[in-house]
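I have placed the structure first, in the form of structure tokens, so that the comments after it can refer back to it.
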Amino acid sequence: QVQLVESGGGLVQAGGSLRLSCAASGNIFVIYAMAWHRQAPGKQRELVATIAADSSTNYADSVKGRFTIFRENAKNTVYLQMNVLKPEDTAVYYCYAELLQSSAWLPGTYWGQGTQVTVSS
């Protein structure tokens with residue numbers, strides 16, 4: 001089975017930094033795209049950043065210039081480097097992947113369990 005395991009969440013003061021990690025494991029043939037989403041209490045889940053197989057990236061306007069998404073293909077791991085954190089960044093952050101498993105004809109989509117990021121003022 002495919003599993004996305006996240007780490008790196010925690011409590012940080014405003015202006016600080018955190019790096020989230022998400023490792024995809026299982027019989028993976030190719031990863032087409034990975035992304036980070038977040039959901040604050042009482043709000044809809046929103047897209048934060050995406051990275052495609054060609055390394056192209058996209059960011060929500062609210063995090064541009066502060067967050068960076070990058071990956072290590074050999075480890076099937078995606079990271080979200082979060083700098084100059086603000087209280088508004090407080091949310092549960094979820095890893096997402098679209099990938100093709102070995103021995104499969106069609107890709108599937110997968111979500112991590114979520115990791116809490118809390119930014120204090």
Side-chain angles (χ1 to χ4, degrees):
Q1 71 279 5
V2 172
Q3 187 176 21
L4 304 182
V5 179
E6 298 163 326
S7 62
L11 176 64
V12 66
Q13 291 188 55
S17 298
L18 285 173
R19 180 179 290 183
L20 306 183
S21 301
C22 173
S25 62
N27 196 15
I28 298 169
F29 182 69
V30 63
I31 297 177
Y32 295 121
M34 300 188 80
W36 290 94
H37 295 72
R38 68 186 182 186
Q39 187 168 21
K43 294 187 176 181
Q44 296 286 108
R45 187 174 298 188
E46 65 175 345
L47 179 65
V48 176
T50 63
I51 184 165
D54 65 357
S55 296
S56 61
T57 58
N58 195 27
Y59 298 92
D61 288 342
S62 60
V63 307
K64 285 180 180 177
R66 300 188 298 120
F67 291 11
T68 303
I69 186 170
F70 61 101
R71 54 170 165 77
E72 294 185 53
N73 288 340
K75 298 169 64 176
N76 290 329
T77 299
V78 66
Y79 303 88
L80 185 68
Q81 179 66 46
M82 305 185 293
N83 297 325
V84 197
L85 282 161
K86 304 175 180 180
E88 308 92 87
D89 297 317
T90 295
V92 177
Y93 285 70
Y94 296 91
C95 180
Y96 164 91
E98 180 181 353
L99 57 84
L100 180 67
Q101 293 187 80
S102 300
S103 304
W105 282 275
L106 297 174
T109 58
Y110 302 87
W111 289 91
Q113 78 286 352
T115 184
Q116 177 71 48
V117 172
T118 302
V119 184
S120 62
S121 60

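Just so it is clear, the structure is predicted and the values come from calculations on it, not from any experiment. Hydrogens, waters and symmetry mates are skipped; everything else that's a heavy atom, side chains included, is used.
For the residue pair D54 and S56, the shortest heavy atom distance occurs at OD1-OG, 2.7 Å. Residues G9 and V117 come closest through the heavy atom pair CA-CG2, 4.2 Å. Nearest heavy atom pair, residue Q113 against residue V5, reads OE1-CA, 4.3 Å. For A14 against S121, the heavy-atom pair with the smallest separation is CB-CA, 4.4 Å. For L4 against C95, the heavy-atom pair with the smallest separation is CD1-O, 3.8 Å. Looking at every heavy atom in both residues, L47 comes nearest to A60 through O-CB, 3.5 Å.
Note on I51 and Y96: separate hydrophobic clusters, where clusters join Ile, Leu, Val, Met, Phe, Trp and Tyr whose side-chain heavy atoms are under 4.5 Å apart, directly or indirectly. The cluster map of Ile, Leu, Val, Met, Phe, Trp and Tyr, joined by side-chain heavy atoms under 4.5 Å apart, puts I31 and Y94 in different clusters. When hydrophobic clusters are built by joining Ile, Leu, Val, Met, Phe, Trp and Tyr residues whose side-chain heavy atoms come closer than 4.5 Å, directly or via intermediates, V12 is not grouped with Y79. Note: the hydrophobic cluster containing V119 does not contain V92 (ILVMFWY, side chain heavy atoms under 4.5 Å, direct or indirect links). Clustering ILVMFWY residues whenever any of their side-chain heavy atoms sit less than 4.5 angstrom apart, transitively, puts W36 in the very cluster that holds Y59.
Taking CD of Q81 as the start and OG of S21 as the end, the distance is 9.5 Å to the nearest 0.5 Å. In this structure, OH in Y110 is found 10.5 Å from CD in E98, a value given to the nearest 0.5 Å. The structure places CG of N83 at 9.0 Å from CZ of R19, a figure rounded to the nearest 0.5 Å. Annotation: the span from R66 atom CZ to M82 atom CE amounts to 9.5 Å, rounded to 0.5 Å. Annotation: the span from R38 atom CZ to D89 atom CG amounts to 5.0 Å, rounded to 0.5 Å. For the atom pair CG (L18) and OG1 (T115), the distance works out to 9.0 Å, reported to the nearest 0.5 Å.
Side-chain atoms of E6 come within 3.5 Å of backbone atoms of G114 as a donor-acceptor pair (strictly under, hydrogens ignored).
The environment of OH in Y32 is crowded: more than 12 heavy-atom neighbours from other residues, nucleotides or ligands sit within 6.0 Å.
When side chains are defined from C-beta on, I69 does not count as touching T50, because their heavy atoms never get closer than 4.5 Å. Residues Q116 and T90 meet the side-chain proximity criterion, which asks for heavy atoms closer than 4.5 Å.
For N73, the side-chain hydrogen bond (donor to acceptor under 3.5 Å, both in side chains) test picks out R71, with sequence neighbours left out.
A salt bridge links K64 and D61; the closest N-O separation between the charged side-chain nitrogens and carboxylate oxygens is under 4.0 Å.
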